[in-house]
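Here's the structure we're looking at; comments come further down.
Proteins get letters first, then strands, A, B, ... in listed order; numbering begins at 1 in each.
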Protein chains: 2
Amino acid sequence: MSKFAETPRNRVRRLPARGDYEKETIYSIVDEAKICHVGFAIDGQPFVIPTIHARHDDVLYLHGAKASRMLKHIQAGNPICVTITLLDGLVLARSVFHHSMNYRSVLLFGQGKLVEDDEAKMCALEVLTNHVVPGRWDDARKPNRIELNATTVVELSLESASAKVRVGPPSDDEEDYTLPVWAGVLPLRQQALPPVNDPRLNDGIPVPEYIAALVTAEE
Amino acid sequence: MSKFAETPRNRVRRLPARGDYEKETIYSIVDEAKICHVGFAIDGQPFVIPTIHARHDDVLYLHGAKASRMLKHIQAGNPICVTITLLDGLVLARSVFHHSMNYRSVLLFGQGKLVEDDEAKMCALEVLTNHVVPGRWDDARKPNRIELNATTVVELSLESASAKVRVGPPSDDEEDYTLPVWAGVLPLRQQALPPVNDPRLNDGIPVPEYIAALVTAEE
């Protein structure tokens with residue numbers, strides 16, 4: 001399956017032309033983002049919590065402390081919504097009404113469950129670690145028994161998802177194109193600045209190449 | 001009141017030492033972020049939708065098309081959670097376990113209601129427009145009658161809120177400081193690149209100073 005079925009749960013309701021149900025589009029957004037926002041409801045009160053995620057095939061991993069209310073809620077199989085948003089630019093139209101943003105966002109739905117098996121848990125932690133900083137897992141000290149026990153990993157089998165994407169210049173009403181108002185896009189991106197050594201870093205340990213490679217190049 | 005009361009709804013549960021209930025902290029995060037994530041639940045299914053927000057005093061404005069399911073849900077007075085996250089850096093510890101992120105996040109709770117009065121609605125749209133691009137309202141064509149009717153604005157009276165903030169270098173277990181592993185922070189920020197003219201921009205309209213001023217300075 002290369003595409004998610006369109007259902008009432010994942011349908012893009014506002015501006016459906018911006019909707020995209022292709023796995024390729026959805027997973028490229030999931031993989032580029034460093035964080036997601038997890039929505040869950042307890043006794044009717046919604047909560048939205050930012051956290052790290054990582055995808056492996058059709059599974060999304062989330063992790064945290066064993067005591068996490070959010071993870072307990074997910075592993076109990078309650079419905080959740082994971083939203084991932086990349087902001088690409090401010091869209092400045094001639095009219096206030098047509099102002100917008102360029103963005104790529106994804107809504108993910110699925111059933112969560114606890115990753116219990118030690119080996120699977122270590123695999124998931126490797127995927128999570130390398131999602132944030134590719135190559136970090138092999139360099140850092142791996143979790144020990146105590147740390148593994150203190151960590152909860154849940155997996156969300158991705159049953160349903162949709163992307164919503166806006167790109168390009170503003171779209172004004174035809175009669176507004178004559179107005180003497182500047183219009184265009186202010187591009188936004190997440191920039192990684194040069195790494196800052198830990199003040200307690202021992203002498204003679206250079207910044208690894210796989211970290212230096214993450215620093216955003218100048219335009 | 002300069003501080004939100006700590007209640008079960010807004011209490012920072014994981015790592016409570018990172019919690020902050022001061023309005024000054026919370027509002028500075030709200031005001032810096034260009035977008036928020038709105039969580040709401042319909043028949044027990046949570047949804048999390050990214051959208052533009054803006055704050056005025058103790059009120060948060062959201063807006064969109066009249067047909068928006070999210071806005072209808074909010075104006076009906078249903079409980080929501082608005083989460084705002086600024087990602088400031090990747091925190092690379094010597095152990096996988098102590099990896100983290102530097103961030104400033106906020107959870108906002110309150111009762112939503114429709115802004116019905118035309119004048120109040122125009123004020124809210126001005127606040128929203130100038131939140132994204134300060135100075136834009138005075139330059140762009142204002143909403144006309146038809147556009148105003150097609151737009152829903154809701155206000156959320158901020159009854160309860162909390163911030164959660166992590167700053168600084170990694171914190172490793174004492175015995176790990178001798179490991180030959182690089183540790184430190186990779187700072188992240190949202191970067192605005194030079195504005196791109198609309199391909200249909202008329203000749204002789206320069207980029208306004210208030211937009212050029214948004215471009216992120218080099219480090």
Item to check | Region of B:Val207 that comes under 4.5 Å of a non-hydrogen atom in chain A | outcome: both
Item to check | Salt bridge flag under 4.0 Å for residues A:Glu147 and A:Arg141 | outcome: yes
Next on the checklist: Quick check for you: among A:Gln45, A:Glu126, A:Met101, A:Arg136, which has the greatest number of heavy-atom pairs under 4.5 Å with chain B?
Outcome noted: A:Arg136
Checklist entry - Is it the backbone or the side chain of B:Leu90 that comes under 4.5 Å from a heavy atom of chain A, or both, or neither? => result side chain
Checklist entry - Of the backbone (N, CA, C, O) and the side chain (C-beta and beyond), which part of A:Val133 lies under 4.5 Å from a heavy atom of chain B, both, or neither? => result side chain
Next on the checklist: Quick check on A:Ile35 against chain B: is it the side chain, the backbone, both or neither that has a heavy atom closer than 4.5 Å?
Outcome noted: side chain
Checklist entry - Contact part of B:Leu188 toward chain A, heavy-atom cut-off under 4.5 Å: side chain, backbone, both or neither? => result both
Checklist entry - So which of A:His63, A:Lys142, A:Arg69, A:Lys34 has the biggest tally of heavy-atom pairs under 4.5 Å with chain B? => result A:Arg69
Checklist outcome for this item: Honestly, the part of B:Leu92 sitting under 4.5 Å from a heavy atom of chain A is both
Checklist entry - Would B:Ser68 and B:Thr51 satisfy side chain to side chain contact (heavy atoms under 4.5 Å, CB included), going step by step from the backbone distance to the final call? => result CA-CA 12 Å; B:Ser68 159; B:Thr51 191; over 6 Å; no
Next on the checklist: Set out, in order, the CA-CA distance, both residues' side-chain angles and the distance that settles side chain to side chain contact (heavy atoms under 4.5 Å, CB included) for B:Phe4 and B:Leu158, then state yes or no.
Outcome noted: CA-CA 9 Å; B:Phe4 286 103; B:Leu158 297 174; 4.3 Å; yes
Next on the checklist: Could you report the tightest heavy-atom contact between A:Val91 and A:Pro170, atom names first, then the distance?
Outcome noted: CG1-CA, 3.5 Å
Item to check | Carboxylate-amine/guanidinium contact B:Arg94 A:Asp198, below 4.0 Å | outcome: yes
Checklist entry - Once the angle between the rings of B:His53 and B:His131 is folded into 0 to 90°, is it parallel (under 30°), tilted (30 to 60°) or perpendicular (over 60°)? => result tilted
Next on the checklist: Counting heavy-atom pairs closer than 4.5 Å to chain B, which one of A:Val215, A:Asp139, A:Ile49, A:Asp176 comes out on top?
Outcome noted: A:Asp176
Item to check | Set of residues satisfying side chain to side chain donor-acceptor pair (under 3.5 Å) with respect to A:His98, sequence neighbours excluded | outcome: A:Asp173
Next on the checklist: Counting heavy-atom pairs closer than 4.5 Å to chain A, which one of B:Ser105, B:Gly89, B:Pro208, B:Gly64 comes out on top?
Outcome noted: B:Pro208
Anything under 3.5 Å between a donor and an acceptor, one on a side chain of residues 73-87 of chain B, the other on a protein residue two or more places apart or in another chain? List them.
unit_1: B:His73; atom_1: ND1; unit_2: B:Asn78; atom_2: ND2; d: 3.3
unit_1: B:His73; atom_1: NE2; unit_2: B:Ala41; atom_2: O; d: 3.3
unit_1: B:Asn78; atom_1: ND2; unit_2: B:His73; atom_2: O; d: 2.9
unit_1: B:Thr83; atom_1: OG1; unit_2: A:Val48; atom_2: O; d: 2.7
unit_1: B:Thr85; atom_1: OG1; unit_2: A:His37; atom_2: NE2; d: 2.7

Checklist entry - chain B: which of A:Lys164, A:Arg200, A:Gln190, A:Arg14 shares the most heavy-atom pairs with it under 4.5 Å? => result A:Arg200
Checklist entry - Relative to chain B, which of A:Leu107, A:Thr178, A:Ile205, A:Thr129 shows the most heavy atom pairs under 4.5 Å? => result A:Ile205
Item to check | Short N-O contact, B:Asp43 and A:Arg9, less than 4.0 angstrom | outcome: no
Checklist entry - Between B:Val185, B:Leu214, B:Thr216, which shows the greatest number of heavy-atom pairs under 4.5 Å with chain A? => result B:Val185
Item to check | Side chain / backbone / both / neither for B:Thr151 at chain A, heavy atoms under 4.5 Å | outcome: side chain
Checklist entry - Contact part of A:Phe109 toward chain B, heavy-atom cut-off under 4.5 Å: side chain, backbone, both or neither? => result side chain
Checklist entry - Hey, which of A:Arg104, A:Arg189, A:Arg166 is the one that makes salt bridge (charged side-chain N to carboxylate O under 4.0 Å, His left out) with A:Asp88? => result A:Arg104
